[in-house]
Amino acid sequence: MLLGTVLVLLLAGAAPASAHAALRGTDPDDGSVVKRAPRHVTLTFTESVGLLDDSFRVFGPDQRRVHTGEATHADGRSDTARIGLPRKLAQGTYTVAWRVVSADSHPVSGAFSFSVGKRSATTSPIDTGPAEDPLTGGLNDAARYLAYLAGALLVGLAAFALLCRPADTSALRRPLVAAWWTLVGSTVVLLLLRAPYEAGTGPADAFDAAALGRTLTGRPGQALLVRLAVLLLTAAFLMWLSRRRDAGQRPLALAAGTALAAALALTWAAAEHASAGIQVPLAMTSSVLHLLATGVWLGGLVALLLTLRRSSRDGVADDRADEMADGVADEMAAVVSRFSRIAFAAVTVLAVTGVYQSWRGLGSLSALSGTSYGRLLLAKLAGVVVLLLAARYSRRWTARIAAPATSVPRVAPATTVPRAAAVHKRVPQPVGAPAEGPGTGEPETPDKRTEEPPADNGAQEPPSDKAAQEPPAPGAGPDARRLLRRSVLVEVAVAAVVLMITTVLTGTLPARAQAEAARQAPAGALPPTTLVTVPYDTGTASVSGRGTVQVTLDPARVGENGIQAVVAGSDKGLTVVPEVRITFTLPSRKVGPIDAELVDRGGYWTTNSVNLPLAGNWTMKTTVRVSDVDQVSVERRVRIAP
């Protein structure tokens, strides 16, 4: 019932899309020259987007901002954004800076330009403002990481207490409370920062009542509100759990805890990459399972580390009471053994869901090295490999703790017996109080112990004092627990790093969406080779001896074409060179070379009369001369459309 309610609140109106919106096309086209001033500027994205009050900023040829109308969706399509322009626009180049919020809650932004009548001769860059406020972005990222970490600890600590059943859970109480408060605090911070994070403004805008109201009506804000509600229910559950004394209520506690943990994980899945893209229901399920498995493993490791420390202190405090010390060791062995099985199941779930999510985000193997998303994923996989190696050593020490190795040999067979019987059959240590005889209630003398046959039909000799004084087996008992604590500590440290990479990964454009944006150019758009950046290096030490030539080919179609070439030196600034020459050759049809005959217009080279008669893949040869003797030629392939 709880999961159904959360699903209805968070997923109402959600539609399949490409996770993380990417710009698919613009109207007017980027870099185009239109004869008449357009009435609107329209952007088309790969998924539905949300609009902001300042989604568009248009700058004219004089670098001043142009007054525009309110941003809307074009023709009711949620994957578009449109802004109205004034009726009369002066000739020249206009720059459009845009910012929208993708369906997976992450803001995306960019800029493009178009020209009315002719391009402006100015080469001064236009400041379109920062993509985001660095302080807001940093605070938001820190809060997101703390929320992930606190959520994993909250789920893992509670799961450890319920599933591994340690007799003493006092070591887990303070970390559990701290995790709950940290998650509440980070969620409140994320809720307040949501509006300035989307708009790219400073943290002071977090207290704007109107902006906060818009946040609460959007899906990311609603997901955060639901998370706070689930946390309140979680607090009530933990208080009830702390007072529970009846072991028969364990199934009810497990069911309630599982429902709350799944609802908590769903508040992340509903506002991240899983909520948009292909196979949304399966992706949501996979994301919830992935988050739960991460919490059970990472939070369970922390709980195990705390429990091991507490048991070691109890063992030191009680080493004069052999029966109690052995009870702590036996109980700890059972707890460690249970967690080992649970951790193995969690790692299996992480592996299966991680492979699916990687496939869904990448789309192709080449994206692993060719995109930021793929490189971050490789870094995460490397961290997971280190984590698994550390877990392997932990399982080794876990097996030794769970094995029946003790500081002295046991006479009783390896069967489950009552604790009282186990105490009576203990072989006494060389020093210490004498033990009671089995069932007599009287002290047992050394003579009685020598004469009494062993419990297993007399086939085994009772251990001698020499055997009792033998040192413990290597890696057994306290040594194994100490080594296990060290390996678990390494696991916790590496897991924290992996969780940090995951936080960055969830805010990165998936490779599949990036490829989809490049593949789905709208009909009528200019070919992607309209704007070509040509690097050059003449081998000289001057600023102009190495740099780039930005070549704009308009409209890159059969017939008359215009060309504009701008040269930037090694310092990224515009530079003046004696000559820029561009020729075109179509090798498949043996056409060319056709000289563009560029003319120096005082800072850039241009022509409006290059006739390219055939469609196909042409070779554009760009020659840059920086002195009387130093020049270099670079070839690039350009596509000329019919």
Quick one: does [X]'s side chain get under 4.5 Å of [Y]'s, heavy atoms only?
| X | Y | result |
| --- | --- | --- |
| F112 | T95 | no |
| P61 | T93 | no |
| V41 | D27 | no |
| R99 | L52 | yes |
| V288 | L291 | no |
| V33 | R119 | yes |
| V534 | T548 | no |
| I563 | T552 | no |

How would you list, by chain and number, every residue that makes a ring pair (Phe, Tyr, Trp, His ring centres under 6.0 Å) with W618, sequence neighbours excluded?
none
Going by the rule ring pair (Phe, Tyr, Trp, His ring centres under 6.0 Å), which residues pair with F114 if we only count those two or more places apart in sequence or in a different chain?
Y94
Would T80 and F45 count as a side chain to side chain contact (heavy atoms under 4.5 Å, CB included) here? Give the steps.
CA-CA 6 Å; T80 63; F45 297 90; over 6 Å; no
The criterion is side-chain hydrogen bond (donor to acceptor under 3.5 Å, both in side chains); which residues satisfy it with T136, sequence neighbours excluded?
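Residues passing side-chain hydrogen bond (donor to acceptor under 3.5 Å, both in side chains) with T136: D133.
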Write down the atom of [X], the atom of [Y], and the distance for their closest heavy-atom approach.
| X | Y | result |
| --- | --- | --- |
| I83 | G69 | CD1-O, 2.7 Å |
| P107 | Y197 | CD-CE2, 3.3 Å |
| W605 | P578 | CH2-O, 3.3 Å |

Decide if atom CZ of R625 counts as having more than 12 heavy atoms of other residues, nucleotides or ligands within a radius under 6.0 Å.
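Yes, CZ of R625 has more than 12 neighbouring heavy atoms, counting only those of other groups under 6.0 Å.
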For the CD atom on E579, are there more than 12 heavy atoms of other groups (residues, nucleotides or ligands in this structure) within a distance under 6.0 Å?
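Yes, enclosed.
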Do you see a donor-acceptor pair shorter than 3.5 Å between the side chains of T26 and D30?
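Absent: no donor and acceptor within the cut-off.
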Under 3.5 Å donor-acceptor pairs involving side-chain atoms of residues 206-217, not counting sequence neighbours:
unit_1	atom_1	unit_2	atom_2	d
D208	OD1	A210	N	3.1
R214	NH1	D53	OD2	3.2
R214	NH2	D53	OD2	3.2
T215	OG1	A211	O	3.1
T217	OG1	R214	O	2.8

Pair V108-W98, side chain to side chain contact (heavy atoms under 4.5 Å, CB included): steps then yes or no
CA-CA 8 Å; V108 289; W98 54 269; 4.1 Å; yes
Checking side chain to side chain contact (heavy atoms under 4.5 Å, CB included) for the pair V551/I582: CA distance, chi angles, key distance, verdict?
CA-CA 9 Å; V551 180; I582 296 178; 4.0 Å; yes
Against the six-membered ring of W268, is R227 placed for a cation-pi contact (under 6.0 Å from the centre, within 45° of the normal)?
yes
According to salt bridge (charged side-chain N to carboxylate O under 4.0 Å, His left out), who are the partners of R82, at least two apart in sequence or on a separate chain?
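In terms of salt bridge (charged side-chain N to carboxylate O under 4.0 Å, His left out), with neighbours along the sequence ignored, R82 is linked to no residue.
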For D79, which residues count as a salt bridge (charged side-chain N to carboxylate O under 4.0 Å, His left out) partner, sequence neighbours excluded?
R77
